[in-house]
Structures are given as C-alpha cells and as structure tokens.
Engineer: 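Before we start, here is the structure in question, set down as structure tokens.
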Amino acid sequence: MTLIPATGRLLYEGKAKRVYATDQDDLVAVEYKDDATAFNALKKAQLLGKGALNCRISALLFEHLERLGVPTHYLGLQGDHWMLVRPVRVVPVEVVVRNVAAGSLCRQMPIAAGTPLDPPLLDLYYKDDALGDPLLSEARLERLQLVTPDQLEAIRDLAFRVNGGLRALFAQVGLDLVDFKIELGFTSTGELVVADEISPDTCRLWNRSVSDVEARILDKDRFRQDLGGVVEAYGEVLKRVQGVCPEPRVYG
Ligand code: TMP
Ligand code: ASP
C-alpha cells in the first residue's frame with residue numbers, strides 16, 4: 001500500500017513489528033506483522049490477521065489513554081496494519097503491572113495463579129533479549145544508570161495511570177486486565193510517553209463471564225500454551241473495545 005508520508009529506511013525490526021523512517025524527521029511508521037513469538041522467540045508462528053488486529057487494538061487503547069491525559073507516541077493509523085508515531089528514545093526497561101497473579105510471577109514466587117494483587121505489583125525488567133529480559137532491582141537499575149531517580153518516579157506514575165485507565169476500560173467490556181507490559185520512551189523534547197504497542201500480545205485479558213481457566217483467556221497465553229483460537233480471541237477483544245471507543249483516527 002502507499003503510505004503518506006512515504007516510508008524510508010527500515011530502522012528496526014522486532015519480533016512483531018517493523019519500524020521505518022518516513023520523509024519527515026518527526027514521524028516514524030510502524031508495521032504490525034502477523035508473526036507470533038513466545039519464550040524469547042523459541043516458539044514461532046505466523047497468525048494471519050494478528051498484525052491488523054493488534055494495530056487496531058493498540059490504536060484504540062492509545063487514543064483512550066490520550067483522552068485520559070496519558071501521553072503516548074501514537075499519532076494515527078495508516079491502512080490496516082500500519083500506524084504513524086512520534087520517534088522516541090526507548091527506555092530499555094520493560095514495565096509490567098500485575099493486577100492478578102499469573103505467568104512468570106507464579107513460576108518464580110509462591111503465589112497461586114489468579115490471586116488478586118492489591119495494590120497492583122510493578123515489575124521492571126531489563127530489555128535485553130540476549131540476557132532474557134531479567135528482572136531488575138532498584139539497585140541494579142541505579143547501577144546500570146538506565147534512568148534517574150526522578151525518571152523512575154515518572155515511569156512508576158505513568159505505569160499506574162495506564163493501569164487505571166485500561167483496567168476500567170476493559171472492565172466496562174467484561175474483561176479483566178490481569179497484567180500487561182508497556183515500553184516507555186523519551187520524545188525529542190524530553191517528554192516521557194507510552195510507546196511500542198498495547199495489545200493482547202502484551203496484556204493478559206480474561207473473559208469475566210467464563211470460569212474455565214483456559215476458555216477465559218483472550219490473549220497471547222492462548223499461543224504460549226497451545227490453546228488455539230488465538231486470532232479469534234484477539235478479534236473478540238477488538239470487537240468489545242471498539243464497541244465502547246470512538247473509531248480510531250487515520251493519520252493525515
Ligand atoms: P510475564 O508473566 O511473562 O512476566 O508477563 C507479564 C506481562 O507482560 C504479560 O501481560 C505478558 C507481557 N509480556 C510481554 O509483553 N512481552 C514479553 O516478552 C513478556 C515476557 C511478557
Ligand atoms: N515476546 C516474547 C517473545 O517472543 C515473549 C512472550 O511474549 O512470551 O519471545
């Protein structure tokens with residue numbers, strides 16, 4: 001498809017997205033791929049339609065956060081699996097907020113899956129695939145000089161605001177936001193914004209009206225656990241979210 005503005009050089013290829021320069025310095029184009037990976041890409045598949053679903057879900061969620069006053073890199077959609085965003089210097093920290101115990105927390109700690117976490121738990125991981133994205137301590141963060149203490153405070157604040165906003169939105173459509181991962185970045189003017197994507201690849205979402213522990217999963221755990229119906233689950237998330245959100249804007 002033709003993009004306006006035109007895409008240029010490939011800047012970065014991740015597991016689920018490609019990021020391109022455009023003919024404008026203050027814009028980059030993000031292409032959402034159909035590739036699915038898990039366990040640091042040990043498990044891989046192509047899931048037809050996943051890219052477009054995640055692109056649209058991310059757009060709806062970024063716009064929702066924007067309405068709540070949470071700054072993001074998102075500018076607008078372009079076609080069904082592209083979005084235009086502001087370029088950011090990504091903070092090499094994966095920011096995870098957990099409302100309910102699941103996933104790695106239950107593998108690493110004596111906490112049963114499904115245990116509510118009140119207040120929510122914030123976990124920070126060092127974003128480095130070669131090291132397997134290890135869990136950070138505050139002392140390690142400080143030692144690596146990844147962020148200043150003030151920036152860490154701003155990251156915490158933003159993470160909990162994102163959690164509050166998304167949790168309420170998903171609750172409105174019968175979904176429990178179990179946990180999620182976001183990435184943050186600094187814009188050219190030094191503003192800290194939510195970047196990357198927010199989708200069923202990066203959130204755990206459970207269907208509230210379903211008690212079966214596998215059937216209720218509407219996120220990438222369906223792929224991680226070989227449960228099938230991954231694209232259908234993402235489609236269900238999109239259908240519900242778009243039922244309560246305005247149509248996402250097209251850039252330009
Ligand atoms: P975890 O339980 O595996 O630590 O995952 C916590 C949340 O972060 C969950 O919603 C899935 C998301 N996540 C990612 O988006 N990317 C990743 O690489 C990992 C490991 C988790
Ligand atoms: N995104 C990570 C990977 O591909 C892990 C995950 O989401 O489970 O490997």
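Note that the numbering runs from 1 along the sequence shown for the chain. All of these numbers come straight from a predicted model, not from anything done at the bench.
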Engineer: Do any pairs count as a side chain to side chain donor-acceptor pair (under 3.5 Å) and have a residue in residues 95-104, sequence neighbours left out, and if so which ones?
Structural biologist: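 Qualifying pairs, neighbours excluded: Arg98-Ser104, Arg98-Asp123, Arg98-Tyr125, Asn99-Asn163, Asn99-Arg167.
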Engineer: Does the side chain of Asp150 pick up a donor-acceptor pair with the side chain of Thr148 at under 3.5 Å?
Structural biologist: no
Engineer: Could you check Asp133 against Asn40 for side-chain contact (heavy atoms from CB on, under 4.5 Å), going step by step and ending with a plain yes or no?
Structural biologist: CA-CA 9 Å; Asp133 297 338; Asn40 206 5; 5.6 Å; no
Engineer: After noting the C-alpha distance and the side-chain angles of Leu141 and Val147, does the key distance pass the side-chain contact (heavy atoms from CB on, under 4.5 Å) rule?
Structural biologist: CA-CA 7 Å; Leu141 250 175; Val147 289; 3.8 Å; yes
Engineer: One thing to verify: whether Asp219 and Arg204 come together as a salt bridge, which I'm taking to mean a side-chain N less than 4.0 angstrom from a carboxylate O.
Structural biologist: no
Engineer: Classify the side-chain pair Asp201/Tyr234 by whether it contains a donor and acceptor separated by less than 3.5 Å.
Structural biologist: yes
Engineer: Backbone N or O of Ala215 within a donor-acceptor pair of the Asp212 side chain at under 3.5 Å?
Structural biologist: yes
Engineer: Is it true that Ser199 and Glu197 share a donor-acceptor pair across their side chains at a distance under 3.5 Å?
Structural biologist: yes
Engineer: In terms of side-chain geometry, is the basic nitrogen of Asp176 or Arg216 positioned less than 4.0 Å from the acidic oxygen of its partner?
Structural biologist: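 Judged by the 4.0 Å cut-off on N to carboxylate O distance, Asp176 and Arg216 do not form a salt bridge.
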Engineer: Taking the six-membered ring for Trp, are Trp206 and Phe170 ring centroids under 6.0 Å apart?
Structural biologist: no
Engineer: Do Glu191 and Arg86 meet the salt-bridge criterion of a basic N to acidic O distance under 4.0 Å?
Structural biologist: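 Looking at Glu191 together with Arg86, the answer is yes, because their closest N to O distance falls below 4.0 Å.
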Engineer: So, does Lys33 use its side chain to make a donor-acceptor pair with the main chain of Lys50 at under 3.5 Å?
Structural biologist: no
Engineer: Do Tyr74 and Glu63 meet the criterion of a side-chain donor-acceptor pair at a distance under 3.5 Å?
Structural biologist: yes
